[in-house]
Amino acid sequence: MPNKLIALAAERLRAGGVVAFPTETVYGLGADARNEDAVRRVFAIKGRPAEHPLIVHLAEIDQAGAWAAEITQPARQLMARFWPGPLTLVLPARDDVPRVVTGGQDSVALRAPNHPMALALLRKFSGGLAAPSANRFGAVSPTEAWHVRTAFGMQVDQLLDGGPCRYGLESTIVSLLDERPRVLRPGALPLSALREVLGEDGIEFGEQPNLASPSVSSSLPRVPGSLAAHYAPATPLEIHPIEALPARAAALLNQGLRIALLRRNQSLRGKPSLPSLPQFLLPARAETYARSLYARLRELDRFAFDCVLVEAPPDDETWWAVNDRLSRAAASR
Ligand code: AMP
Ligand code: MG
């Protein structure tokens, strides 16, 4: 572990700086969550609208009480079981939590990342770091250090390189503001893991009904990751079942478009024969597919295809988070 770099990063954070660091999900763009100016700089660098709240990253469960006004029983259970890990919990915020972090809401999102470098940084800094993904607002999240360097160059005060991220997909977000825990965003922690702790019927899904209140514009969701077009590459994507790919490809080729296929690396026996087009592959299993997805989408952008046809992954629970990100990446901008 590069202890000197981590000490330097902690010092810069204490001075109000912005430091990009690796987590097990994606790279984060961190600032002292108690320093309003530093947090504003994160919003400015990302080009993120101020209403989109940031996740506060912590090293220890014990620190949650400094941010959450109340830690309910299910919250305690989830932290004990999954922290550090790819699970973000939304809890009622204490009055002293800067509202610039929470997008003006009285709730705060907390997570302890399971990455040695992130944990070392958080311990050295010994406070909460507000850290959204280290990409421009709406773009594909970074899963390697050079993705951050390419997007932000010298705009960040320091970039810690921890290699490729293990999950490559954002954390699962669970709100504990209602009686029953509610999944606001599918992510790296599988639903099956949540069920083990909360029980088969212990989870709700989607945004709280009260978020649809007329005073809140529908273009400003409380969960930024819930915007229809988010996590989007520059290349237009279309998702189709593999059986539908030949006809769709033929139609687009007829229009004279430059297209490519993005599909799972598995046998095509018994499947329709695919047109001979540039093909990009992703691993066949959900976990490894997720790990490579964002890097592959970035790579595709370099070719500037008019359209990339994506083979739809299976429609089952293990692919839930991947299907969520793919459909947002494909949503028209
Ligand atoms: P990202 O840019 O991927 O790190 O996005 C951070 C995620 O944390 C977003 O999807 C936010 O909606 C979510 N988040 C942070 N604070 C809150 C909150 N108070 N209520 C609901 N979601 C939150
Ligand atoms: Mg993000």
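Since the model is a prediction, treat every value here as computed from it, not as a measurement. Whatever order the structure lists them in is the order used to number ligands and atoms, beginning at 1. Side-chain atoms are counted along with the backbone in the values below, which use heavy atoms only and exclude waters and symmetry mates.
In I173, the part holding a heavy atom less than 4.0 Å from any atom of ligand 1 is the side chain. Here R185 has side-chain heavy atoms under 4.0 Å from ligand 1, and that is the only part of it that gets that close. Here L184 has side-chain heavy atoms under 4.0 Å from ligand 1, and that is the only part of it that gets that close.
For ligand 1, the atoms sitting less than 4.0 Å from at least one non-hydrogen atom of S107 are 18 (C), 19 (N), 20 (N), numbered in the order shown with element in parentheses. Interface atoms of ligand 1 facing P132, defined by a heavy-atom separation under 4.0 Å, are 2 (O), 4 (O). For ligand 1, the atoms closer than 4.0 angstrom to any heavy atom of P53 are 11 (C), 14 (N), 15 (C), 16 (N), 17 (C), 18 (C), 23 (C). Proximity to L54 (heavy-atom distance under 4.0 Å) selects the following atoms of ligand 1: 15 (C), 16 (N). Those atoms of ligand 1 that come under 4.0 Å of a heavy atom in S133, given as number and element, are 1 (P), 2 (O), 3 (O), 4 (O). Under a 4.0 Å criterion applied to the non-hydrogen atoms of R48, ligand 1 contributes the atoms 1 (P), 2 (O), 5 (O), 6 (C).
In this structure, I55 counts as a contact residue of ligand 1, since one of its heavy atoms falls inside 4.0 Å of the ligand. Not a single heavy atom of T102 sits closer than 4.0 Å to an atom of ligand 1.
If you take CZ on R111 and CD1 on I173, they are separated by 9.5 Å, rounding to the nearest 0.5 Å.
On a distance-only criterion, E170 and ligand 1 share no N/O pair closer than 3.5 Å.
Checking T143 against R298 by side-chain atom types alone, no donor-acceptor pair falls below 3.5 Å. Donor-acceptor pairing under 3.5 Å is lacking for the side chains of T25 and S171.
Among the backbone and side-chain atoms of S133, an N, O or S atom lies under 2.8 Å from the Mg ion (ligand 2).
Remark: R328 is not positioned above the aromatic ring of Y231, lacking an NZ or CZ atom under 6.0 angstrom from the ring centre and at most 45 degrees off the axis. The cationic group of R285 does not satisfy the cation-pi geometry with W319, failing either the under 6.0 Å distance to the six-membered ring centre or the 45° limit from the ring axis.
Aromatic rings of W320 and F205 (six-membered ring for Trp) have centroids within the 6.0 Å cut-off, being under it. Aromatic rings of H115 and F21 (six-membered ring for Trp) have centroids beyond the 6.0 Å cut-off, not under it. In this structure, Y294 has its ring center no closer than 6.0 Å to that of Y27.
A salt bridge links E170 and R325; the closest N-O separation between the charged side-chain nitrogens and carboxylate oxygens is under 4.0 Å.
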